[in-house]
Amino acid sequence: MIDVLVAGGGPAGLAAAIHAALAGLEAAVVEPRTTPVDKACGEGVMPGGVAALRALGVEVTGRELRGIRYVDGTTRAEASFRGHGGLGIRRTTLHSALHQRALDLGVRILPGKVGEVRQSADTVTAAGTTARWLIAADGLHSPVRRGLGLELPARPHGRYGLRRHYRIEPWTDYVEVHWSRHGEAYVTPIGHDLVGVAVLSRSRRGYDAHLADFPALTASLRGPAATEVRGAGPLRQRVRHRTAGRVLLVGDAAGYLDALTGEGIALALATSEAAIRCLAAGQPAAYERAWTRLTRRHRLLTGALLAASRRPGTARLIVPAASRMPPVFSAAVRALQ
């Protein structure tokens with residue numbers, strides 16, 4: 001019997017397995033997809049996420065990010081990160097680095113799906129493997145979460161994300177958030193000749209139709225599309241609890257509000273570390289409180305921005321307000337670190 005079985009081999013699951021191995025626990029990851037795994041993602045890792053990767057012993061290369069810039073027509077507001085910067089990195093590059101680090105530490109990667117989860121007082125069994133604990137890191141629409149009855153009903157009018165890359169030299173070392181009355185477009189420089197552009201909206205239109213809401217941005221994308229469009233959603237996932245018996249939920253599986261502030265990777269790494277820390281200390285019940293504390297700032301800031309962006313008239317006031325109050329905007333950006 002192993003110590004920790006991880007459902008899902010994305011960044012959250014691999015981070016959990018790496019933390020388990022570093023804590024002297026035997027870990028295995030169940031993942032049906034082959035490496036590297038790609039998905040719709042803004043691909044901007046906040047400074048806290050970069051520090052968390054270093055703590056895992058994971059070294060990745062990408063484009064350094066200086067801060068965040070909000071854009072609405074000719075109105076702009078920008079703020080730099082304090083201290084270390086963020087990193088723009090292809091999701092596939094990040095996944096490959098985490099995968100290799102896990103293998104180097106002796107983590108077993110088991111091809112397949114988790115399926116039914118069976119628990120006893122001392123063990124949990126899934127995918128033909130018995131462990132002392134199961135970490136569910138199986139994504140936004142987590143089958144483990146759903147199977148354990150931890151999912152709350154989805155609310156109507158959820159938001160969706162679409163992403164594509166362009167073969168073009170980046171014009172900025174900021175993550176640019178372009179606002180319109182229909183949604184946002186996120187520009188992340190990833191390499192010397194690659195830019196990722198993700199759009200978020202409540203509308204289920206196609207990618208090009210969304211991008212047409214940002215004519216100034218569209219004019220900057222003169223390079224050819226380098227990847228196909230990938231999508232995700234609905235983004236908001238409501239969860240009753242982050243624990244059920246000997247199962248702990250981490251990353252997107254633990255509940256998700258929105259990608260608006262770009263903290264997905266940083267939160268996935270932080271919650272994975274917290275879950276393993278609680279297990280290693282023999283205090284699994286402490287994880288729910290730890291998750292609440294780690295995500296509180298994200299939930300408050302993202303919730304406030306979502307509420308403001310829900311009405312088109314209010315949404316158009318966000319960037320002008322940020323540009324008129326630079327100290328407030330800088331404080332909000334630095335809170336993301």
Taking a hydrophobic cluster as the set of Ile, Leu, Val, Met, Phe, Trp and Tyr residues connected by side-chain heavy atoms closer than 4.5 Å, whether directly or through intermediates, do [X] and [Y] fall within one such cluster?
X	Y	answer
Val250	Leu98	yes
Ile109	Leu25	yes
Val58	Leu269	yes
Val195	Tyr207	yes
Ile2	Ile135	no

Self-check item: Summary of salt bridge (charged side-chain N to carboxylate O under 4.0 Å, His left out) pairs that have at least one residue in residues 14-34, sequence neighbours excluded
Solution: Glu31-Arg33

Quiz prompt | Ring geometry between His178 and Phe214 (parallel below 30°, tilted from 30 to 60°, perpendicular above 60°) | solution = perpendicular

Short side-chain to backbone donor-acceptor contact, [X] and [Y], under 3.5 Å:
X	Y	result
Thr123	Thr130	no
Thr218	Ala212	no
His210	Ser203	yes
His95	Gly9	yes
Thr302	Thr261	no
Ser272	Ala268	yes
Gln119	Ala244	yes
Tyr186	Glu43	no

Minimum heavy-atom distance [X]-[Y], with the two atoms named:
X	Y	answer
Pro284	Leu279	CB-CD2, 3.9 Å
Asp173	Pro189	CA-CG, 4.3 Å
Ile168	Leu221	CD1-CA, 4.3 Å
Ile190	Gly196	CD1-N, 3.7 Å
Val107	Leu103	O-CD2, 3.7 Å

Practice problem: Mark yes or no: Arg66 above the aromatic ring of Tyr174, with NZ or CZ under 6.0 Å from the six-membered ring centre and no more than 45 degrees from the axis. | Solution: no

Practice problem: Examine Arg204 relative to Tyr160 and say whether NZ or CZ is less than 6.0 Å from the centre of the six-membered ring and inside a 45° cone about the ring axis. | Solution: yes

Just how far is it from atom [atom1] of [X] to atom [atom2] of [Y], taken to the nearest 0.5 Å?
X	Y	atom1	atom2	value
Leu94	Leu53	CG	CG	6.0 Å
Arg299	Arg297	CZ	CZ	11.0 Å
Glu64	Ile89	CD	CD1	13.0 Å
Leu14	His19	CG	NE2	11.5 Å
Arg132	Asp122	CZ	CG	9.5 Å

Practice problem: Scan for ring pair (Phe, Tyr, Trp, His ring centres under 6.0 Å) pairs involving residues 262-297, sequence neighbours excluded, and state none if there are none. | Solution: none

Quiz item: Under 6.0 Å from the NE2 atom of His241, do we count more than 12 heavy atoms belonging to anything else shown?
Solution: no

Practice problem: Quickly, which of Leu5, Leu110, Val6 forms a side chain to side chain contact (heavy atoms under 4.5 Å, CB included) with Val29? Name it, please. | Solution: Val6

Self-check item: Results of ring-ring contact (aromatic ring centres under 6.0 Å, His included) for Tyr70 - residues two or more places apart only
Solution: Trp179, Phe329

Quiz prompt | By side chain to side chain contact (heavy atoms under 4.5 Å, CB included) - contacts of Val114 (at least two apart) | solution = Ala7, Val30, Val117, Ala126, Val144

Practice problem: For Val239, enumerate each residue passing the side chain to side chain contact (heavy atoms under 4.5 Å, CB included) test, keeping only those at least two apart in sequence or located in another chain. | Solution: Arg145, Leu150, Arg242, Leu249

Quiz prompt | Donor-acceptor side-chain pairing of His182 and Ser201 below 3.5 angstrom | solution = no

[X] with [Y]: basic N within carboxylate O range, under 4.0 Å:
X	Y	answer
Arg230	Asp38	yes
Arg238	Glu151	no
Asp208	Arg164	yes
Glu59	Arg101	no
Glu228	Arg163	no

Practice problem: List, by chain and then residue number, the residues other than Met1 in its hydrophobic cluster (Ile/Leu/Val/Met/Phe/Trp/Tyr, side-chain heavy atoms under 4.5 Å); write none if there are no others. | Solution: none

